[in-house]
Visitor: 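First, the structure itself, so that you have it in front of you.
Naming convention: chains lettered A, B, ... in sequence-line order (proteins, then strands); numbering from 1 in each chain. Side chains included, hydrogens not; waters and symmetry mates left out as well; all remaining heavy atoms used.
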There are 2 protein chains.
Amino acid sequence: MTTTGKRGPYRGTAARRREIVDAAAEVFGESGYRAGSLKDIAGRVGIDASSLLHHFGSKHVLLEAVLADKVSRDAQALHWDEEIEPAEFPAALIRLAERNAANPGVIGLYTVLLAESTTVDHPSADFFRDRHATTRRDFLRGFDAMAEAGLLAEDVTPQEAALSTLAIWDGAQTQWLLDPGAIEVVAVLRGHFRRITRVEV
Amino acid sequence: MTTTGKRGPYRGTAARRREIVDAAAEVFGESGYRAGSLKDIAGRVGIDASSLLHHFGSKHVLLEAVLADKVSRDAQALHWDEEIEPAEFPAALIRLAERNAANPGVIGLYTVLLAESTTVDHPSADFFRDRHATTRRDFLRGFDAMAEAGLLAEDVTPQEAALSTLAIWDGAQTQWLLDPGAIEVVAVLRGHFRRITRVEV
DNA sequence: GTCTATACTGAGATAGAC
DNA sequence: GTCTATCTCAGTATAGAC
């Protein structure tokens with residue numbers, strides 16, 4: 001009698017965990033991990049904080065569930081496993097950026113936790129360090145393929161392309177969070193690809 | 001009998017305030033504003049938290065003192081008031097980045113608080129929004145002058161140059177904080193200027 | 001100007017009834 | 001599974017002695 005529906009007494013534990021993870025992603029994105037409270041998260045689900053802790057033993061465990069969930073969703077959206085044509089690589093990244101722009105909450109979660117993770121003794125420091133290393137590798141692979149196909153601009157190395165793309169993307173998202181009217185993340189990214197590649201995006 | 005020396009009973013209140021502001025900048029840079037405690041700051045100065053509050057009425061007031069101090073130091077270093085030659089503009093920004101690289105604490109303070117300020121009800125949200133708007137204007141002025149002198153790369157607008165420079169700079173600093181071995185902020189910035197301008201940096 | 005003592009608040013987490 | 005009650009801890013801030 002699991003997951004018979006979205007509401008009601010027979011909703012099941014799995015569905016409740018889903019609700020909690022979603023609410024936690026919201027709250028951590030808005031307030032960060034340390035400032036985001038279990039009370040706030042529980043309140044959005046409509047339960048007490050102690051009930052929340054019945055499902056996730058501690059705040060830390062909940063954070064890890066939120067991050068794991070984000071990873072699996074991203075992987076699902078990107079299909080890194082499938083081979084991407086070198087010429088299509090920038091366009092694939094633009095699509096991801098557009099998808100994020102449509103879900104502002106995701107940007108907050110990622111950008112706020114990323115920066116917070118650079119502070120001392122932060123529980124997700126390792127996660128973001130690993131994740132950024134992985135992303136750098138993925139980007140490097142993509143731009144390497146582009147270089148071989150002669151699709152990078154003159155004097156731009158794959159390494160340079162990977163690092164600068166990651167930096168400008170994160171930076172643009174932070175600025176957008178700070179002042180949504182001041183910048184368009186997708187436009188900045190498009191301009192960047194126009195400068196570092198030879199393909200249209 | 002103010003500021004007769006750095007230590008001793010006649011050190012004076014002004015010097016004590018300086019020590020506190022410096023320690024606070026350190027702590028806020030390492031831990032962020034919300035997670036950084038007055039106890040920690042006071043401890044680094046060698047006094048009790050209640051003594052700290054004798055000098056600065058509240059944590060919020062202390063934060064504002066730290067930010068004001070940073071602004072005045074930056075202004076001093078940049079000399080925006082003096083006219084900068086269009087061709088020298090990128091080099092001036094590189095110098096600032098190099099100066100930051102030599103004082104890692106400054107990067108943490110700025111980058112961590114910037115990201116934290118995007119969270120709800122953060123006391124320095126207005127400060128960073130205003131400051132980013134000002135910086136965008138300053139950058140725009142610099143790149144406008146470069147455009148008039150024909151020093152921007154083809155198809156790069158001053159607006160685009162200003163936004164992308166700000167984004168890539170912030171993003172590179174965040175990545176550096178996360179994993180200092182993975183990226184060199186100055187090199188990324190140099191590469192960016194090589195792509196968007198026609199001057200050597 | 002600095003300390004000790006204390007008030008107050010809100011956090012995360014646990015125990016146990018239902 | 002959820003609640004109430006409670007514990008423990010750390011934080012900011014205040015009062016008052018020295």
Visitor: Atom CD1 of B:Ile41 and atom C1' of D:dG11: how far apart are they, to the nearest Å?
Guide: 12 Å
Visitor: Does a side-chain N-to-carboxylate-O contact under 4.0 Å join B:Arg131 and B:Asp74?
Guide: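 A salt bridge is present here (some side-chain N lies under 4.0 Å from a carboxylate O).
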Visitor: Whole Å only: how far is the NZ atom of B:Lys39 from the P atom of D:dC9?
Guide: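 Rounded to whole Å, this separation is 12 Å.
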Visitor: For A:Tyr33, what residues pass the ring-ring contact (aromatic ring centres under 6.0 Å, His included) criterion, not counting sequence neighbours?
Guide: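 Per chain and number, A:Tyr33 pairs via ring-ring contact (aromatic ring centres under 6.0 Å, His included) with A:Phe28, A:His122.
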Visitor: Residues from residues 28-38 of chain A sitting under 4.0 Å of DNA chain C, heavy atoms only?
Guide: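 A:Gly36, A:Ser37, A:Leu38, in order of number.
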Visitor: Using the ring-ring contact (aromatic ring centres under 6.0 Å, His included) criterion, which residues pair with A:Phe128? Sequence neighbours excluded.
Guide: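 In terms of ring-ring contact (aromatic ring centres under 6.0 Å, His included), with neighbours along the sequence ignored, A:Phe128 is linked to A:Tyr110.
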Visitor: Does a side-chain N-to-carboxylate-O contact under 4.0 Å join A:Arg141 and A:Glu83?
Guide: no
Visitor: Which residue pairs pass the salt bridge (Lys or Arg N to Asp or Glu O under 4.0 Å) test with at least one member in residues 100-121 of chain B, sequence neighbours excluded?
Guide: B:Arg34-B:Glu116
Visitor: Using a cut-off of strictly less than 4.0 Å between a heavy atom of the residue and any atom of DNA chain D, enumerate the qualifying residues of residues 47-56 of chain B by number.
Guide: B:Ser50, B:Leu53
Visitor: Please step through side chain to side chain donor-acceptor pair (under 3.5 Å) for the pair B:Asp48 and B:His54, ending with a clear verdict.
Guide: CA-CA 10 Å; B:Asp48 190 85; B:His54 168 76; over 6 Å; no
Visitor: Would you kindly say whether B:Ser164 and A:His192 are connected by a side-chain donor-acceptor distance under 3.5 Å?
Guide: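 Not at all, the side chains of B:Ser164 and A:His192 share no donor-acceptor pair under 3.5 Å.
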Visitor: Measure from CG on B:Leu63 to P on D:dG11 and round the result to the nearest Å.
Guide: 17 Å
Visitor: Under 3.5 Å, sequence neighbours excluded: what are the donor-acceptor pairs made by side chains of residues 152-159 of chain B?
Guide:
residue, atom, partner, partner atom, Å
B:Thr157, OG1, B:Glu160, N, 3.0

